[in-house]
Amino acid sequence: MRSLVAGFISLLQSCKTTKHLQETQTQIIIHGLEHNDYVTPRIIAACALPKKMGHARKVFDRIPGPNISSWNAMFKGYAQSEFHREVVVLFRRMKKLDVSPNCFTFPIVLKSCGKIGASREGEQVHCFVIKSGFGVNVFVGTSLIELYSSGRVIEAAYTVFGEMVERNVVVWTTMINGYISCGDIASARCLFELAPERDVVLWNTMVVGYIELANMVEARKLFDQMPKKDVMSWNTVLGGYANNRDVKECERVFEEMPERNVFSWNGLIGGYAKNGYLFEVLDAFNRMLIEGNVFPNDATLVTVLFACARLGALDLGTWVHVYAKSNGYNGNVYVGNALIDMYAKCGVIENALNVFKSMDGKDLITWNTIIGGLAMHGRGAHALSLFSQMKNAKEIPDGITFIGVLCACTHMGQVEDGLSYFRSMVDDYSIEPQIEHYGCMVDLLARAGHLTEAIEFIKKMPIEADAVIWANLLGACRVYKNVELAELALQRLIVLEPKNPANFVMLSNIYGDLGRWKDVARAKVAMRDTGFKKLPGCSLIEVDKTVVEFYSLDEKHHQSEEIYATLKGLTKLLRSSGYVPDI
């Protein structure tokens, strides 16, 4: 019998699919072991892995008198599946049945209380801990400190800490992290100095505390004092500089590192991306590939694709797509989402659609990205069709989804449909409109020529219209030659963006279209009086896996003479074919 039980336990632990689990469970029932004290908890634990807690609960409820191992298996399964409220409810039932918990029960229940902010239930569990005689248990005590710290009741956490007879380095780290999470860095540092033992995790926790307060001077000072630094320690400081916008120090730390893993490279590449150093993202990625001792993961590829999307680096983005396919990331939803975004922003919407169709698993971001991409490319009907498919797939839209939907309506000029979707967003999905949604509606009305309605919509908005909304209205005024509303829009823009000369340029162009040259001159004087120049337009092209940036009349490029000579030749060729430029 023992060998049979051991065999089934081994089989349950090796179950990877629901089918395998069901086959194993059938054999267990045939052999009459479905209520065995050793086998039953393993069945429940196996159900928790593929997140089949409904099935696990049926198994549990059929047990005549489940032992504490079965109860703990249910608690653990619910917690792993993020069903924390069910953990608390089931624990309450266990208490009513007068089942005695053990030291493994309380940490799971206390953690679940913290996750759902059930402070009152957490305090009740604490009382039960004391009554059950587990108040001195290190694991239970640590969980209590975490519970009270997460609820910002740091005094109660410290009381538990003070009452603990045995305090290992994990307990000290938990208490110090509690002070840090509550914003009391001084108490955290004081306790850190008193800690009888400090491992690398405790040192890193204290360093992170200073990083979160943007105090990189103290963080670096403490880091330099560390007796032993592992790669995680270096990555912590590297990420700290990146998050606090000190790219130079981030680079310096990266070069100092005695050892690097994929998280080190991601810290550098991600730091560049967060701070707008998009060319450097591509350079660092190329260096990572050339050095070859660390391979990119999905987070690396997502960041690189983000940079490709912003720079229009289609060739490199396509190469990353091939690399992802070849290295097992074909079904990765994060990489898939980034590829859809990259192809859409690089102008190859068909490739974005192909990636979307090839994805077996789609999340909310997947739907939002493809709907927004189609809308951006003027394929509004397709975007709205996918929105209907999204709802049929039971994916609940959010505010970003409706930005894409409203943009689709804007490009199609469907004012009534846009208003209907806007109302549906509020009435059917309880989404509170943000400034972006109001901006979409003003743009929809203005582009369709309903300028008066657009102004009325702005007046009724519960929030103040921003510069983007007024600039969109100003642009529509040029299309429909409405000088009065254009002047009104400019008055608002002068208040919101007094240093932006582009707004005066737009009004000047409207005056020019109508032949009002005195007003053109007046607008140009007003633009000059701002003291700022309009930023020149910028173009990006990809040559030999490198993105090159060009401005109007740019002479900074080392091959500018050859570029202008080629441009002059092209201009002559165009003129010889009858082309007359509109200057």
Side-chain angles (χ1 to χ4, degrees), residues 1-2 4-6 8-15 18 21-22 24-25 28-29 31-148 150 160:
M1 180 63 76
R2 284 185 180 178
L4 189 62
V5 168
F8 280 127
I9 288 172
S10 177
L11 273 173
L12 287 166
Q13 288 173 336
S14 66
C15 285
T18 304
L21 174 61
Q22 288 171 343
T24 305
Q25 195 178 349
I28 289 169
I29 293 169
H31 287 83
L33 294 172
E34 68 269 29
H35 296 152
N36 183 277
D37 286 348
Y38 299 99
V39 175
T40 306
R42 298 303 194 286
I43 296 174
I44 295 168
C47 290
L49 292 177
K51 296 188 183 289
K52 297 286 184 181
M53 284 308 298
H55 181 61
R57 185 59 184 263
K58 287 177 184 176
V59 173
F60 178 78
D61 287 340
R62 284 199 295 265
I63 304 170
N67 62 12
I68 190 59
S69 297
S70 297
W71 285 96
N72 286 347
M74 283 300 300
F75 291 139
K76 187 177 179 182
Y78 274 137
Q80 287 176 339
S81 300
E82 302 291 327
F83 297 145
H84 297 291
R85 193 163 296 281
E86 281 78 359
V87 172
V88 178
V89 172
L90 191 64
F91 179 72
R92 195 179 294 135
R93 178 184 161 190
M94 190 182 93
K95 275 179 65 182
K96 285 182 180 177
L97 294 172
D98 206 24
V99 178
S100 298
N102 62 16
C103 62
F104 300 108
T105 312
F106 289 114
I108 303 170
V109 177
L110 288 166
K111 183 179 180 180
S112 291
C113 289
K115 287 282 186 181
I116 60 174
S119 55
R120 189 167 64 86
E121 288 83 352
E123 289 171 3
Q124 290 171 353
V125 176
H126 188 181
C127 293
F128 194 40
V129 165
I130 296 167
K131 288 177 184 177
S132 304
F134 288 100
V136 294
N137 184 277
V138 173
F139 301 111
V140 176
T142 304
S143 300
L144 282 166
I145 293 170
E146 286 180 339
L147 169 72
Y148 287 122
S150 65
V160 173

- Query: Just how far is it from atom CZ of R92 to atom CZ of F128, taken to the nearest 0.5 Å?
  - Reply: 13.0 Å
- Message: Pairing donors with acceptors under 3.5 angstrom, does anything connect the side chains of T105 and N102?
- Response: yes
- Query: What distance separates M53 CE from E82 CD, expressed to the nearest 0.5 Å?
  - Reply: 12.5 Å
- Message: Does any part of the side chain of N67, heavy atoms only, come nearer than 4.5 Å to the side chain of S70, both counted from C-beta?
- Response: yes
- Note on the structure: Separation between SG (C113) and CZ (R85), nearest 0.5 Å, reads 9.5 Å
- Apply side chain to side chain contact (heavy atoms under 4.5 Å, CB included) to R57 and L90, showing your working. CA-CA 11 Å; R57 185 59 184 263; L90 191 64; 3.7 Å; yes
- Query: Going from CG on L144 to CG on N137, what distance comes out if it is rounded to the nearest 0.5 angstrom?
  - Reply: 10.0 Å
- Shortest non-hydrogen contact from F75 to I108? O-CG2, 3.6 Å
- Y78 and S112, any side-chain heavy atoms less than 4.5 Å apart: no
- Find out whether F91 and M74 are in side-chain contact, i.e. whether some heavy atom of one side chain is under 4.5 Å from a heavy atom of the other. no
- Message: Looking at every non-hydrogen atom in both residues, tell me the closest pair between F106 and S132 and how far apart they are.
- Response: CZ-OG, 4.0 Å
- Query: Between the main-chain N or O of L147 and the side-chain N or O of S150, is there a donor-acceptor pair closer than 3.5 Å?
  - Reply: yes
- Query: Near K95 NZ, under 6.0 Å, is it more than 12 heavy atoms from other residues, nucleotides or ligands?
  - Reply: yes
- Within the 6.0 Å centroid threshold, strictly below: F60 and W71: yes
- Item | Donor + acceptor pair across side chains of Q124, H126 (<3.5 Å) | no
- Message: Could you report the tightest heavy-atom contact between L110 and S143, atom names first, then the distance?
- Response: CD1-CB, 3.8 Å
- Nearest heavy-atom approach of V87 to A79 is CG2-N, 3.8 Å
- Message: For a 4.5 angstrom cut-off between non-hydrogen side-chain atoms, does S100 reach I68?
- Response: no
- Item | From R93 atom CZ to E86 atom CD, the distance as rounded to the nearest 0.5 Å | 13.0 Å
